[in-house]
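A short write-up of the structure that comes next.
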Amino acid sequence: MSLQTKHFYEFGGFRLDLAEKVLFRDGKPLPITPKVFETLEVLVEHAGHLIEKDELMQKIWQDRFVEESNLTFNIKMLRKALGDSASKPRFIETVPRRGYRFIAEVKEVLSEDFRKNETVEHFSSDGNGASNGNGVKLIVENLPDNDSFDEKPAYQISPSVHVISSIRSRPVLYSISAVIIGIFLLTGFFLFKNSTSFSQRFGDSTGNQRFLTVEKLTDTGNAKAATISPDGKLLAYYTTDGGKDTIWLRQLTTGKSAPIFSPKDERIHGLNFSQDGDYLYFSHQNKGEPSNLSRLSILGGTPTKILSDFHGSYTFSPDAYNIAFVRYDETGSVVMIAESDGRNERRAFASPKPRHIISVAWSPDGESIAYSFGNGRYDGGGMDYGIFEFNFKDETEKSLTDFKWNYLGTIEWLPDKSGMLVTAREKADGTDQIWWLSLPDGKAKPITNNADSLELKGASVDFSKIIAQQEFLNSSVWVAPTNDLSNVQAIAKAQWDMAWTADGKIIFPARETIKTGIWLTNPDGSDKKQITSNDSLERSPTVSPEGRFVVFVSTRSGRQNIWRMNADGGNQTQLTDGEGENNPTFTPDGQSVVFNSIKGGSLWKVSVEGGEAVQLCNGEKSLRVAISPDGKKFAYFGRKDNKRKLLIKSFPECNLLLEFEAAESRASPAKIVWAKDSRSLIYDHEDATRVGNLWRQSLDGGEPQKLTNFTSDQIYDFGFSPDGNWLAFVRGVRSHDAVLLKGFK
């Protein structure tokens with residue numbers, strides 16, 4: 001006889017599925033946390049009997065120290081899910097100063113699935129079901145198994161119900177089940193012990209490169225920092241609408257989503273589930289202030305602040321008692337450790353400058369912390385990012401791999417410590433992808449090959465579900481007459497930048513494949529053609545005043561350097577060969593190109609004919625400068641007296657001439673254009689809702705004047721046609737969606 005037993009409890013229209021750990025009401029699953037479920041399970045199993053608070057807490061949290069308020073909170077959430085009342089209870093009765101009692105009538109249901117033509121004998125002591133001694137009636141469902149049988153969902157009650165015998169048959173049934181389960185567990189243990197590691201199981205025995213496939217879980221373009229619960233059943237993410245961030249929770253089995261929290265004025269940066277799945281941790285920040293870390297029940301409510309003044313990544317110890325996090329100071333990156341509630345902060349280890357810790361991950365055995373490091377996200381093409389491991393026992397660190405990347409982000413240990421999954425970019429012209437790092441040999445290879453960037457965001461505890469965030473820029477070139485800036489029209493898909501040529505055409509980078517080339521088109525979008533076609537990223541085209549040359553950024557040499565070409569795309573020549581450069585612009589005489597060094601943001605100048613570059617302003621950071629038409633001044637957004645300012649300085653002496661108060665803006669520098677009369681500056685600025693518009697600031701002072709009234713999207717670049725009759729700009733938004741990575745074995 002083949003037997004499969006499903007175990008349920010039923011009470012007042014609810015069904016408690018012990019195998020799936022799901023509570024159903026009228027056949028529909030209810031969203032409750034694992035700890036709330038455990039609380040209900042204990043109460044129901046002891047229905048009709050008082051359970052002391054200490055006993056209940058011990059059953060739920062075992063030997064972990066927790067405050068009684070945690071139990072009170074669980075009972076409150078449980079009553080909310082059941083629609084119960086403390087003053088007039090139907091399910092849970094409070095016994096003051098002692099504990100709780102489950103008072104509803106409970107039926108224990110054993111749904112037995114037998115092979116075809118097999119039978120089982122049922123006995124009954126009273127014809128109404130046998131009691132298990134705890135006020136729970138024991139019932140068995142006998143479901144026929146035949147070739148045409150369609151298995152019903154676990155929460156549906158079969159109309160065919162039979163009563164099981166006396167209580168003596170229950171130990172027999174459980175003994176059989178225990179033997180079967182034991183055999184499976186032992187078999188699984190030995191199979192696992194003799195199986196290959198997580199890393200080896202992912203390898204391809206044919207020697208061919210194999211990649212994970214991507215399945216979208218959201219499709220709104222507005223699901224950020226998605227993460228998955230340890231049991232793989234819940235997805236959390238946040239959205240931004242109207243400048244306000246909101247945390248959402250989704251049941252992956254049903255696809256239903258619900259908002260659970262929205263901070264009043266702060267911006268959210270990241271989300272992570274607690275190891276028991278009961279809480280969400282999220283980092284949040286007011287403008288200009290350090291980040292905070294708070295804990296929120298997945299049922300909502302008021303968050304509890306855990307940490308303040310921390311930066312970047314954090315990770316929990318395997319026993320969930322401690323949290324490690326990154327804090328930056330004048331010496332570099334410091335990894336701190338505190339108890340999981342934020343108390344007892346202490347210094348663990350430090351990584352001195354110029355090394356910059358990006359992500360930390362506590363090892364599964366609790367003996368070490370791995371961290372990814374580099375010298376800044378937007379590196380010019382160097383392979384300067386790696387992974388180290390700090391060991392607590394001997395307080396030493398070692399490199400986990402000799403492989404170096406152009407960028408590294410989130411890192412995640414595999415459960416058996418045989419390797420790691422990491423977010424990484426191999427080259428400056430690539431996209432962020434998920435990589436597999438095998439340990440201890442340190443071999444690394446990409447395991448996704450997506451056209452869009454993918455950032456690792458978490459995995460279920462058994463790694464059966466791996467979540468990533470897919471990100472891409474959805475932007476276009478738009479054109480409007482300067483006498484009617486509300487009359488805008490999109491003419492071509494574009495990435496980031498644009499410029500006008502001397503004969504009134506628009507030049508811009510566009511991505512036809514994973515790589516980005518430079519294109520040329522008429523202002524109405526006609527006669528579109530590609531003028532660079534290298535296997536690299538190319539962007540930031542700028543045209544010389546007389547129209548002879550175009551300078552642009554390219555990664556074709558392995559780093560992000562400045563290149564020059566003729567207006568038709570011919571005679572392409574490398575102008576710089578440093579560690580990385582960006583933001584090129586011509587001097588008004590067309591003889592020199594001014595640009596930024598990526599490392600540090602210092603200002604440099606090189607002849608348009610090539611040669612040695614010269615540093616300006618004593619190496620002071622001056623990003624995305626705009627040089628005045630007379631070549632005597634330049635403007636940029638910078639910081640002075642710890643405030644953001646619109647600064648005007650002499651060129652090339654760099655003496656401060658004027659300054660204006662400026663609102664905080666996005667992390668990347670805003671574009672500035674001088675008016676033809678040199679008496680005002682036009683720049684793009686984003687409001688609190690992340691919508692970009694153009695503003696004009698007169699050099700005579702006064703409040704800036706708003707020129708456009710867009711209600712959506714960001715502005716990445718803009719410029720006026722040579723005759724001044726047209727304005728072109730690149731405008732769009734970054735899209736973020738949660739994806740499931742499939743194929744990891």
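Since we're looking at a predicted model, the values are computed, not measured. If you read the sequence from its start, that first residue is 1, and numbering goes on from there.
Using a 4.0 Å cut-off between charged nitrogen and carboxylate oxygen, Asp687 and Arg690 do not count as a salt-bridge pair. Ion pair Lys224/Glu471 not flagged as a salt bridge, since none of the NZ, NE, NH1 or NH2 atoms sits closer than 4.0 Å to an Asp/Glu carboxylate oxygen. Note on Arg556 versus Glu538: salt bridge recorded, some NZ/NE/NH1/NH2 to OD/OE distance being below 4.0 Å. Under 4.0 Å is where a charged nitrogen must lie from a carboxylate oxygen, and between Arg731 and Asp684 no such pair does. A salt bridge links Asp497 with Arg539: at least one charged nitrogen is closer than 4.0 Å to a carboxylate oxygen. Under the 4.0 Å criterion applied to side-chain N and carboxylate O atoms, Glu581 and Lys599 are not assigned as salt-bridge partners. A salt bridge links Asp700 with Arg679; the closest basic N to acidic carboxylate O contact falls under 4.0 Å.
Remark: side-chain polar atoms of Asn406 are not paired, donor with acceptor, to backbone N or O of Asp384 under 3.5 angstrom. For Asp245 (side chain) and Ile268 (main-chain N/O), a donor-acceptor pair under 3.5 Å exists by modelled atom type. One N or O on the side chain of Ser333 and one on the backbone of Ile357 form a donor-acceptor pair closer than 3.5 Å. Looking only at distances, a side-chain donor or acceptor of Ser372 sits under 3.5 Å from a matching main-chain atom of Gly409. The backbone N or O of Ser291 sits nowhere less than 3.5 Å from a side-chain atom of Ser283 that would complete a donor-acceptor pair. Under the 3.5 Å distance criterion, the side-chain polar atoms of Trp726 are left unmatched by any main-chain donor or acceptor of Thr482. In this structure, the side chain of His311 engages the main chain of Tyr328 through a donor-acceptor pair within 3.5 Å. With hydrogens and angles ignored, the 3.5 Å screen pairs a side-chain donor or acceptor of Ser544 with a backbone N or O of Arg548.
Considering CG of Leu520 and CG of Asn522, their distance stands at 7.5 Å, rounded to 0.5 Å. In this structure, the separation between CG on Leu421 and CG on Leu741 is 8.5 Å, given to the nearest 0.5 Å. Note that CD1 of Ile411 and CG of Leu408 are 8.0 Å apart. Values are rounded to the nearest 0.5 Å. With rounding to the nearest 0.5 angstrom, the CD atom of Gln469 is 8.5 Å from the OG1 atom of Thr218. Remark: Tyr407 OH to Thr423 OG1 distance equals 7.0 Å, nearest 0.5 Å.
Ring-centre distance between His736 and Tyr237: not below the 6.0 Å cut-off. The aromatic ring centroids of Phe637 and Tyr683 lie less than 6.0 Å from each other. Aromatic pair Phe729/Phe710: ring centres closer than 6.0 Å. Between Trp405 and Trp435, the distance from one ring center to the other falls under 6.0 angstrom.
Gln433 and Thr431 share a donor-acceptor pair across their side chains, judged by distance under 3.5 Å alone. Side-chain atoms of Thr448 and Asn450 form no donor-acceptor pair, as typed in the model, at a separation below 3.5 Å. For the residue pair Asn693 / Thr708, a side-chain donor-acceptor distance below 3.5 Å is found, with atom types taken as modelled. Neither side chain, Asn725 nor Ser721, offers a donor N or O lying under 3.5 Å from an acceptor on the other.
By the side chain to side chain donor-acceptor pair (under 3.5 Å) test, Thr410 pairs with no residue at all, sequence neighbours left out.
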Would you check, one step at a time, whether the test side-chain hydrogen bond (donor to acceptor under 3.5 Å, both in side chains) holds for Lys671 with Tyr716? CA-CA 7 Å; Lys671 175 71 176 287; Tyr716 301 104; over 6 Å; no
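At most 12 heavy atoms of other shown residues, nucleotides or ligands fall within 6.0 angstrom of atom CG in Asp402. In this structure, Asn618 places its CG atom where only 12 or fewer heavy-atom neighbours from other residues, nucleotides or ligands lie under 6.0 Å away. Heavy atoms from other residues, nucleotides or ligands lying under 6.0 Å from CD of Gln489 number 12 at most. No more than 12 heavy-atom neighbours from other residues, nucleotides or ligands sit within 6.0 angstrom of NZ on Lys632. At most 12 heavy atoms of other shown residues, nucleotides or ligands fall within 6.0 angstrom of atom NZ in Lys605. More than 12 heavy atoms of other residues, nucleotides or ligands sit less than 6.0 Å from atom NZ of Lys216.
Contact annotation: the side chain of Val553 approaches that of Pro584 to within less than 4.5 Å [non-hydrogen atoms, C-beta and beyond]. Considering only heavy atoms from C-beta on, Thr587 comes within 4.5 Å of Val594 through its side chain. Side-chain contact check for Phe720 versus Val673: some heavy-atom pair is nearer than 4.5 Å. Counting heavy atoms from C-beta on, the side chains of Ser622 and Ser602 never come closer than 4.5 Å. Within the 4.5 Å cutoff, the side chain of Asp524 has no heavy atoms near those of the Ile491 side chain. At least one side-chain heavy atom of Ile715 sits under 4.5 Å from a side-chain heavy atom of Leu694. Using a 4.5 Å heavy-atom cutoff, the side chains of Val479 and Val488 are not in contact. Counting only heavy atoms from C-beta outward, the side chains of Ile518 and Phe552 approach each other to under 4.5 Å.
The nearest pair of heavy atoms linking Gln530 to Gly517 is NE2-CA, 4.2 Å. Between Ser628 and Trp674 the shortest heavy-atom distance is N-NE1, 3.4 Å. When all heavy atoms are compared, the tightest approach of Leu616 to Pro652 is CD2-CB, 4.4 Å. Heavy-atom minimum distance, Val608 versus Leu575: O-CD2, 3.6 Å. Of all heavy-atom pairs spanning Ser475 and Trp496, the tightest one is OG-N, 4.2 Å. Among all heavy-atom pairs drawn from Asn222 and Thr239, the shortest one is O-CG2, 2.8 Å.
Ring geometry for Phe651 against Phe634 counts as perpendicular: the plane angle is over 60°, on a 0 to 90° scale with 30° as the lower cut.
Sorted by first then second residue, the disulfide bond (SG atoms under 2.5 Å apart) pairs that include residues 596-660, not counting sequence neighbours, are Cys617-Cys654. For residues 650-659, the pairs satisfying side chain to side chain donor-acceptor pair (under 3.5 Å) are Lys640-Glu659, Lys645-Glu659, Ser650-Glu653, with sequence neighbours left out.
The one candidate from Leu647, Ile648, Leu646 that meets the side-chain contact (heavy atoms from CB on, under 4.5 Å) condition with Leu658 is Ile648.
Taking the centre and axis of the six-membered ring of Phe373, the NZ or CZ atom of Arg355 falls inside the cone set by 45° and 6.0 Å.
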